[in-house]
Each structure stands twice: as structure tokens, then as C-alpha cells.
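Before any comments, here is the structure.
These numbers come from a predicted model, not from an experiment. All values below come from the heavy atoms of this structure, side chains included, with hydrogens, waters and symmetry mates left out. In the text below, chain A, chain B and the rest are named by the order of the sequence lines, each starting its count at 1.
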Number of protein chains: 2
Amino acid sequence: MLDIVRQDNDEGSSGADRVFTFFRDRLLSGELKAGDRLLGERELALALGVSRPVLREALRSLAMLGLLDIRHGRGAYVRSADASVLGQALTLCLAPEPNILDDVLQARIAIECQAIRLACVRASERDLQAIAALLDTLVDSLDDPERGGGADYAFHLAIVRASGSGALMKIYEAISPLLMRSHVERRRDTFREPAITSGLVDAHRQVFLAMAERNPDAAERRLREHFEIGDGLRRNNLISTYQAQGTNT
Amino acid sequence: MLDIVRQDNDEGSSGADRVFTFFRDRLLSGELKAGDRLLGERELALALGVSRPVLREALRSLAMLGLLDIRHGRGAYVRSADASVLGQALTLCLAPEPNILDDVLQARIAIECQAIRLACVRASERDLQAIAALLDTLVDSLDDPERGGGADYAFHLAIVRASGSGALMKIYEAISPLLMRSHVERRRDTFREPAITSGLVDAHRQVFLAMAERNPDAAERRLREHFEIGDGLRRNNLISTYQAQGTNT
DNA sequence: GTCAGTCCGTGGTCTGACCACTTTAGGCCG
DNA sequence: CGGCCTAAAGTGGTCAGACCACGGACTGAC
């Protein structure tokens, strides 16, 4: 009867597409906010002039994209946009790509180096204090690969957050899961060597100090150095791994 | 009968989720390649032990994510992962964010600055030649905002491509549509002023030369300068726009 | 007042049918 | 014999109605 969706530019596309676009646009325009509850499927189908299966195809698609939270017996709720979707999409896009890990690391360096520049200018005192606190946590958790890896990530994440750029933040969060695994693993291999761990702490401290001094160039340079060292360690690990394999077999 | 999907970890999730995950994993593992044709919906539903509506919910979701190309009367075909999905996801994630445009620009700077560093090391002679050719195109199309904007974008895109990093490339493509509009518009406002256009060409040329010399630091610095100038122009445009509004109204 | 059972509204699934599009194979006509 | 046209088969697209499963709320008994 109402056929609300018909108003949109909908030629050629199937009903589910129309409904999908309908809701997506409402989400983009802010007409639907996180936490809102949708009407029941039967009512919605009636209101939008489609059958329930078609409506469900659209709703399910939105749920797969993380835009909707559909709960059995409760209803469908609008969910705040989540970086996990981005991460999934990225994973799918990068799946056919070779040596993804190194590649994603490059993206991480890109984001962080720009973020720290912005952070030098825009970070509030509170941001800096938070980062300093995470630096302490980093020192405290040197002997635990699990906690140490988490603290390391939290430190870098705080820098990106301090940049005040939502876009950088979202992209960083999206690529993080892809890095996490290797991150913790590498730490597991190196946390027993005092030379490395002390260097690690020092590198982080240097980065923080440059940021506290609001010096973008220095901050980026030190961050890059930190990454280079990490990259060097990774190579060494690879080499020693192969050497171990060579001697064992 | 066959219930192929049941084998997966499927507790708690609904049927459509199971089927969705089933196909997503086959896509990630490469078991399903781009161009492959899926079985008919009726056969698939039977094979996977679900009803057709449920199967369709999953298939439609995959299609919405750009992983499947479903054509009426033909069948469902696996589609190669596309950056457009990423772009859509990014748009959705960033929708609630304030001043998205400036934010996304920061992401662009981040990607490009890292990409050009990599490109300085990894770009092939062919890559450099391609970029040089685009530089020529840039010069040729100075008087046409539309073509000029396109050439500008092509130039920067070629740099990212020359980085050899698929991840950087995908992310760059994902954020590009968000930038395109403002890009062309800005050009429309400035292409009549020789001082600006000549500066524009010169900036691009400087960037290219530093890259050709394989000098990452210089290349990044010049690229950053290029962005800063663009940012300054954007501000001036905003100011003059407000001034014009003030006098006209 | 608290707890249990029941009822209602919700999403989840199924069946079977019909429509619309595409392709193809067969027959008809030149 | 060859080309065109038509009809049939296969495919996705849609629909209607029914039933199940889950969650919360109401109500009754204790």
C-alpha cells in the first residue's frame, strides 16, 4: 500500500536491493541512529511493499555488514558502525594478494606516521597522559608476551587516537586484527633478550618524548626508526628459523 | 541429506549465517575463484541442507558484499574482490564522524607518503615511465577541470601503484571516491589562475624527480609540501566563499 | 513478595507455487 | 540447405501461508 521504497531511484534492481539501499541511505543520513529498533518484519514488509522473504534478504545483508543487530525473539536494532566490518572487507579484498602481512604492515606504518604528525599538533594533555601511562604499562609487562603485545598495541593505538582523525582510527582498527597475531608471536620470540626489550622500551619512550615536545618531524623519524628495528628483528627471526630448520632436519 | 555445512563450527548461528560463512571461507581459501559459477539455488539449497529462502539470504548477503554476481536467468558467479566494497564499508563507518572530508584527506596523505617511500625503492623503470607520462597528461589538461582532476588523480594513483603494496593500493582506492568530488571542484575554482596551475605542475614535477632519484626523504617531503599548498588553497577558497556569501546576501 | 507457568510478539524456517529473464534447441519458411 | 523465429527448459525473483523457537511480560499461585 504505502510502497515507501518506490520513491527512490530503483529501476532495474531487485526488491531486496531496493530495501537494502533504502535502509543504507537512512543510516547514512542519520535518520536511523544506533540503538533504534526497527519495526517487526511483517509490518516492515507490508510498509515497504515487499514480501517477508525479500525483506529478510535485505535485513540479513545489513546484518552481515554489521549495520544491524538482529536478535531472535527481540527484534532488529541499528548498530553503531564498527571497524570490524572494515576489517572483514579488507581481509576479503586482500585475500588473493601475495605476502599480505608485510603489505598490511606498510599500511600500518603509513597510518601511524601520519597520525603521529597530527597528534603532535592536536593531542590534548589528557591524550599525552594516557600515552605516558601506557608507556608505563609497557615497561611493567615486558616479561609477558601476551600482556606485552597488548600494551604495545595499546600504546600505538593511543597515538592514532590522539591524532583526532576518525578515518585514520577506523582504518587502523581495521588492519589491526591482521597484525595482532604476528605481533604477539614476535614478542614471544624476543622477550627474553634484555638488549632487545630495553631497546624496545627506549624506542617507545623516544617516540613519546618527541610527541610531547610537539615535534612532528622528530616524532615521525623516531617512529620510523622503531619500525625499521622491528623489521630487522623480524628478518633475523626468519633467518634463525631457517637455520634451526636446517640443523634439525 | 548431505548437510555439507554442518561440519563447520555452527552452533548458535542461524542457517543463513552458516551458509554465508561456508561460502566466505571457500572464497578466502581460494577454493572458489573469480568467474566460477555456483550451482542453481534449488540444488545448492538441497546440498547444503537448508531451504531456498535461507540460502538466498546468504547468497544475497554475499552479493551485497560484492563477492557474488547474481544475474537473473543466468546464475550466480564468483566475483573478484573489489575495492568498491571497501569504499562502501568505509563510507558507512565514517558516516557518523564529523568533518569527514578533512579526515579522509589525512588518510590519503598517510597512504601516499608511505607509498612514495616504497615506490622510491621498488618502482620499476616502467612504473616511472608511466608516472612521467601522466605528468605530461597533467600538463596537457590544465585548462579542463574535469580532465585535469582525473589526470591529477591518475598521477597520484600511479605512485601508490608503484609502491607495489596491494594493501596501500586497496585502501587508497577505497578512500578515493570520497575525495574525488572535492578534488574536481577545487580545480574548477583554481584552473584559471596561472600562478596556481604552474605551481601545481611544478609541485608534481618535483615529486616525480625526487622519486626518479630514488630519494625517499626528499620525495615524501615534497609530497607533503604539495599537500600543504593544496590545503592552503582550500582554506582560501573557503574564506572567499564565505566572503562572497556575505556580499551577495 | 516471589516465583512459576503461560501467553504473546518476535525472528527463523519451510513448502510450494508462480513470475520474469535468458538461453537454447527445434521447427518453419525462404 | 541456411537463417530466423518461436517455444520450452532452466535459472533467479517473488510471493503467501504456515509453523517453530526464542524472549519477555503478564498473571496466577504459593
Students often get this wrong, so: under 4.0 angstrom with heavy atoms, is [X] touching a base, only sugar-phosphate, or nothing?
X      : result
L44(B) : nothing
L38(A) : nothing
R56(A) : base

Pairing residues for [X] by the side chain to side chain donor-acceptor pair (under 3.5 Å) criterion, not counting sequence neighbours:
X       : result
S176(B) : Y153(B)
S51(B)  : none
E146(B) : R188(B)
Q106(B) : Q114(A)

Whole-Å distance between [N] [atom2] and [X] [atom1]?
X      : N       : atom1 : atom2 : value
R18(B) : dT13(C) : CZ    : C1'   : 11 Å
E57(B) : dT14(D) : CD    : P     : 13 Å
R71(A) : dT10(C) : CZ    : C1'   : 12 Å
L39(A) : dG9(C)  : CG    : C1'   : 13 Å
L59(B) : dG12(D) : CG    : P     : 8 Å
R37(A) : dG9(C)  : CZ    : P     : 12 Å
L68(B) : dG12(D) : CG    : C1'   : 12 Å
E41(A) : dG17(D) : CD    : P     : 17 Å

Original post:
From the list dT11(D), dT13(C), dT14(D), which nucleotide is the closest neighbour of the side chain of R60(A)?
Top reply: dT13(C)

Subject >> Atom pair CD/CG of Q88(B) and L28(A) - distance to nearest 0.5 Å >> reply: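 That separation rounds to 9.0 Å.
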
Original post:
Listed by chain and number, what are the salt bridge (charged side-chain N to carboxylate O under 4.0 Å, His left out) partners of R71(A), not counting sequence neighbours?
Top reply: D69(A)

Subject >> Pair D144(A)-S141(A), side-chain donor/acceptor within less than 3.5 Å >> reply: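 Note: D144(A) and S141(A) side chains miss the donor-acceptor criterion.
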
Quick one: which protein N/O atoms are closer than 3.5 Å to N/O atoms of nucleotides 16-20 of chain C? Pair and distance per line, please.
unit_1: dA20(C); atom_1: N3; unit_2: H72(B); atom_2: NE2; d: 2.9

**OP:** Report yes if at least one side-chain N or O of R74(A) is closer than 4.0 Å to OP1 or OP2 of dG24(D); otherwise report no.
**Re:** yes

